[in-house]
Amino acid sequence: MSTNRVAKHDHILEGSSRPSSSSAAPAVAVPTAAAPSRYESQKRRDWNTFSQYLKNQRPPVSVSQCTFNHVIDFLRYLDQFGKTKVHLNGCVFFGQPDPPAPCPCPLRQAWGSLDALIGRLRAAYEENGGSQEMNPFGNGAIRVFLREVKECQAKARGIPYKKKKKKKNYITPAADGTKTSSEKPC
């Protein structure tokens, strides 16, 4: 650790072996807020990135003027930073999950990453004063867009996405006459 980094954090080191500037005053730890969770940190970074994207539009767009079209444009903009190979229709590896050789098809944002991003931005929008009714991240057009991306990527990569079936609880009579709840066997 460099001396500068240590000096910046002296106020939180209680009982440090480093001499303090005032020998009469004991070292006291300043209470700090708990570090935000990984989710909260990512949500804040995503919100800042989206806000900056809106500011860079010509003309700039405020968050209150943001529509689902801005959100979809943002998702398309993010595609250029993706790391998932998505084969084009004419590619010889289209539909193959593990192609045997490299191809020039583009790298895109994975559907799951976009879906998680929308979830975080939807929550951040409301935490930053937006109303649930006007939330552009919750618009039906966003769900349609994500579904289309999911289906397109599934076909291109040869990976079927299957809907998970919800397990239903069934009420069955127990031997003693009472009713018990159990999950339907596979």
Side-chain angles (χ1 to χ4, degrees), residues 4-5 8-13 28-89 94-95 97 105-169 181 183:
N4 289 342
R5 288 186 74 186
K8 287 179 184 178
H9 299 290
D10 270 351
H11 67 281
I12 58 173
L13 297 174
V28 178
V30 176
T32 58
S37 70
R38 184 172 176 257
Y39 171 80
E40 291 296 327
S41 297
Q42 185 65 51
K43 184 169 59 173
R44 185 175 53 251
R45 273 194 306 273
D46 293 339
W47 181 252
N48 290 340
T49 301
F50 181 71
S51 297
Q52 189 62 48
Y53 172 81
L54 292 177
K55 287 177 189 171
N56 291 338
Q57 297 302 298
R58 296 289 169 241
V61 178
S62 69
V63 173
S64 61
Q65 296 171 324
C66 172
T67 67
F68 69 88
N69 288 318
H70 295 106
V71 175
I72 291 173
D73 289 343
F74 177 65
L75 296 177
R76 288 185 178 131
Y77 160 77
L78 289 178
D79 252 355
Q80 67 183 310
F81 307 111
K83 297 176 184 170
T84 302
K85 178 74 75 170
V86 179
H87 300 288
L88 301 174
N89 270 333
F94 184 83
C105 292
L107 294 174
R108 300 257 169 94
Q109 289 290 339
W111 164 80
S113 299
L114 295 176
D115 188 47
L117 171 67
I118 290 298
R120 291 189 300 269
L121 289 174
R122 186 175 185 172
Y125 179 84
E126 292 172 17
E127 288 174 9
N128 285 282
S131 71
Q132 186 175 5
E133 297 78 26
M134 299 299 293
N135 193 331
F137 302 100
N139 189 288
I142 303 298
R143 287 190 296 276
V144 170
F145 176 81
L146 288 174
R147 188 179 329 117
E148 289 172 357
V149 169
K150 178 181 173 182
E151 291 168 359
C152 174
Q153 289 186 3
K155 287 178 188 172
R157 300 182 66 221
I159 301 171
Y161 286 105
K162 295 179 181 174
K163 244 186 179 176
K164 292 181 181 177
K165 293 182 181 178
K166 293 183 182 179
K167 293 182 178 180
K168 293 184 180 180
N169 286 337
S181 174
E183 289 183 8

Determine, stepwise, if the pair I118 / L75 fulfils side-chain contact (heavy atoms from CB on, under 4.5 Å). CA-CA 9 Å; I118 290 298; L75 296 177; 4.0 Å; yes

Reported [atom1]-to-[atom2] distance for the pair [X] and [Y], which is rounded to 0.5 angstrom:
| X | Y | atom1 | atom2 | answer |
| --- | --- | --- | --- | --- |
| L54 | S64 | CG | OG | 10.0 Å |
| F137 | L117 | CZ | CG | 8.0 Å |
| L146 | K150 | CG | NZ | 9.5 Å |
| R143 | F68 | CZ | CZ | 12.0 Å |
| I72 | N139 | CD1 | CG | 7.5 Å |
| E133 | E126 | CD | CD | 8.5 Å |

Are side-chain heavy atoms of [X] and [Y] found at a separation under 4.5 Å?
| X | Y | result |
| --- | --- | --- |
| M134 | Y125 | yes |
| V149 | L114 | yes |
| P106 | L88 | yes |

Can you name the closest pair of heavy atoms from [X] and [Y] and give their distance?
| X | Y | result |
| --- | --- | --- |
| V86 | C105 | O-CB, 3.6 Å |
| L107 | G82 | CB-O, 3.4 Å |
| H70 | Y53 | O-CE2, 3.9 Å |
| G158 | P97 | O-CG, 3.9 Å |

Answer with yes or no whether the side chains of Q65 and S62 bring together a donor and an acceptor at under 3.5 Å. yes

List the residues meeting salt bridge (charged side-chain N to carboxylate O under 4.0 Å, His left out) with E127, not counting sequence neighbours, and say none if there are none. K43

Taking only residues two or more places apart in sequence, or in another chain, which ones meet R122 in a salt bridge (charged side-chain N to carboxylate O under 4.0 Å, His left out)?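 Salt bridge (charged side-chain N to carboxylate O under 4.0 Å, His left out) list for R122, sorted by chain: empty.
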
Pairs where residues 107-119 contributes a residue and the test salt bridge (Lys or Arg N to Asp or Glu O under 4.0 Å) is met, not counting sequence neighbours: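 For residues 107-119: D79-R108.
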
Pair listing, salt bridge (Lys or Arg N to Asp or Glu O under 4.0 Å) test, anchored in residues 45-56, at least two apart: D46-R120

Should we count NZ of K155 as having more than 12 external heavy atoms under 6.0 Å? no

What do you reckon, is CD of Q80 surrounded by more than 12 foreign heavy atoms closer than 6.0 Å? yes

What orientation do F50 and F74 show, parallel under 30°, tilted 30 to 60°, or perpendicular over 60°? perpendicular

By ring-ring contact (aromatic ring centres under 6.0 Å, His included) - contacts of Y39 (at least two apart):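 Checked Y39 against ring-ring contact (aromatic ring centres under 6.0 Å, His included); zero matches.
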
Just jot down the ring-ring contact (aromatic ring centres under 6.0 Å, His included) partners of F94, sequence neighbours excluded, or say none. none

